[in-house]
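To start, the structure under review is shown below, and the notes come after it.
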2 protein chains.
Amino acid sequence: MFSNGCEYGIRALTIIGRASKEDRKVGIKEICRLAKTPESFTAKIMQNLVRRGILDSQKGPAGGFYISKDLDSITLYDIVEAIDGTGVFVSCGLGLAHCDASRPCPLHDKFASVRQELKAMCKSNTLNDLLSGLHDQVYKR
Amino acid sequence: MFSNGCEYGIRALTIIGRASKEDRKVGIKEICRLAKTPESFTAKIMQNLVRRGILDSQKGPAGGFYISKDLDSITLYDIVEAIDGTGVFVSCGLGLAHCDASRPCPLHDKFASVRQELKAMCKSNTLNDLLSGLHDQVYKR
DNA sequence: AGAATAAAAGACCTTTTAGTCTTATATTTG
DNA sequence: CAAATATAAGACTAAAAGGTCTTTTATTCT
């Protein structure tokens, strides 16, 4: 459904979000240790999210990643869009470039409603919502 | 959502299914011309589906692909499973190997219901159902 | 039987995704 | 200012997905 990078990104953001609630910055090593994600790859994803304004970072000692925005203002949709784009929310189930209500593929209506529910779910869940489901050992292997 | 190969496979099957209703076999060239899919790649997918018993084929002149099963007995789920496997129907939204109701990831419940709707949709739609939405120029570019 | 036709098989190539590693840059602290 | 620390940037490598091409095998038709 989502790319590996996107899954890693979401997991990492929950770790950072939790720390941010305690006004703590988190280094990439700690993020990846807790999120169980590959370090260099995750770092690259984080940098992309910083550029897109979802995340903040500070270099140097006592630096790390943190979130300055309201955790309720960052939706799952925002995160997925930033990493994977909107394809999963809008593309035709049969991969057609020109599939819409006026020229529907055989799957159009049925697929559209699934996509719609996915989209609604992602729009209605914020990073803060995810934190309530994040107990200490969630990402244990 | 589905792989390219899976999308091609579904499109190709609608072409073959329609022909099978008229007791016609279809060659790979005609299938790909109508389904707008790449020929060699589609052929490979068809061969996989033949091996898995979803599709039948006959070599030689006047040969081609056809479906001998009841078109109502082949669900979208069967097709997706044959080509992409069951991953999309069962995997954790955050990519965790051990995510379930007893040890849920922060997204588990919300994601499970989307996945569930996708699964239900795929199980309840048969190849025959798709044919009613297939008018002549559906896969026109 | 021989020629033509069509799928089967599998080697091969290309592109994208996934992931690593090295070097540079910024920040803090002593 | 120097040393240490941490992110930024980007070149690089590996693996998977996507796709092509050639050869073989089965079937039909003359």
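Since the structure is predicted, the reported quantities are computational estimates derived from the model, not experimental observations. Naming: A, B, ... by sequence-line order, numbering from 1 per chain. Note: hydrogens, waters and symmetry copies are ignored here, and every other heavy atom, side chains too, is used.
- The cluster map of Ile, Leu, Val, Met, Phe, Trp and Tyr, joined by side-chain heavy atoms under 4.5 Å apart, puts B:Leu134 and B:Tyr66 in different clusters.
- Atom pair A:Ile45:CD1 and C:dT20:P shows a separation of 11 Å (rounding to whole Å applied).
- The salt bridge (charged side-chain N to carboxylate O under 4.0 Å, His left out) search around B:Arg115 returns none, not counting sequence neighbours.
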### Message
Show, in sequence, the C-alpha distance, side-chain angles and deciding distance for B:Asp56 and B:Val50, and conclude whether the side-chain contact (heavy atoms from CB on, under 4.5 Å) test is met.
### Response
CA-CA 5 Å; B:Asp56 302 271; B:Val50 168; over 6 Å; no

#### Entry: Worked verdict on A:Glu30 versus A:Ile15 for side-chain contact (heavy atoms from CB on, under 4.5 Å)
CA-CA 9 Å; A:Glu30 186 182 352; A:Ile15 302 298; 5.7 Å; no

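- Taking side-chain N and O atoms only, B:Arg51 has no distance below 4.0 Å to OP1 or OP2 of C:dA8.
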### B:Leu130/B:Ile10 under side-chain contact (heavy atoms from CB on, under 4.5 Å): CA gap, chis, key distance, verdict
CA-CA 9 Å; B:Leu130 295 188; B:Ile10 298 167; 3.9 Å; yes

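- Between the side chain of A:Arg11 and the main chain of A:Ala35, a donor-acceptor pair closer than 3.5 Å is present.
- Within residues 16-34 of chain B, the residues that place at least one heavy atom under 4.0 Å from DNA chain C are, in residue-number order, B:Val26, B:Gly27, B:Ile28.
- Remark: side-chain polar atoms of B:Asp129 are paired, donor with acceptor, to backbone N or O of B:Thr126 under 3.5 angstrom.
- The cationic group of A:Lys36 does not satisfy the cation-pi geometry with A:Tyr139, failing either the under 6.0 Å distance to the six-membered ring centre or the 45° limit from the ring axis.
- The minimum heavy-atom distance between B:Ile54 and B:Ala82, with the atom names listed, is CD1-CB, 3.7 Å.
- Taken together through direct or relayed side-chain contacts under 4.5 Å among Ile, Leu, Val, Met, Phe, Trp and Tyr, B:Phe111 and B:Val88 form part of one hydrophobic cluster.
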Protein-nucleotides 22-25 of chain C N/O pairs closer than 3.5 Å?
| residue | atom | partner | partner atom | Å |
| --- | --- | --- | --- | --- |
| C:dT25 | O2 | A:Lys59 | NZ | 3.2 |

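- A side-chain donor-acceptor contact under 3.5 Å links A:Asp78 to the backbone of A:Thr75.
- Looking at heavy atoms from C-beta onward, A:Cys122 lies in side-chain contact with A:Phe89 at the 4.5 angstrom threshold.
- In 5' to 3' order, the nucleotides of DNA chain D bounding all contacts with chain B (an atom under 4.0 Å from a heavy atom) are D:dG18 to D:dT28.
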Any protein N or O atoms within reach of nucleotides 14-18 of chain C? Criterion: under 3.5 Å, listing atom names and distances.
| residue | atom | partner | partner atom | Å |
| --- | --- | --- | --- | --- |
| C:dA18 | OP1 | A:Asn4 | N | 3.2 |

### CA sep, side-chain torsions, deciding dist, call: A:Phe65, A:Val26, side-chain contact (heavy atoms from CB on, under 4.5 Å)
CA-CA 5 Å; A:Phe65 294 92; A:Val26 214; 5.6 Å; no

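- For the residue pair A:Ser102 / A:Asp100, a side-chain donor-acceptor distance below 3.5 Å is found, with atom types taken as modelled.
- Counted within 6.0 Å of NZ on A:Lys29, heavy atoms from surrounding residues, nucleotides or ligands total 12 or fewer; the atom is thus considered open.
- Between B:Gln47 and the phosphate of C:dA8, there is a side-chain N or O to OP1/OP2 separation shorter than 4.0 Å.
- The stretch residues 60-70 of chain A comes close to DNA chain C through A:Gly60, A:Pro61, each having a heavy atom under 4.0 Å from the strand.
- Judged by closest nucleotide on DNA chain C, B:Ser57 is the one of B:Ser57 and A:Pro38 placed further toward the 5' end.
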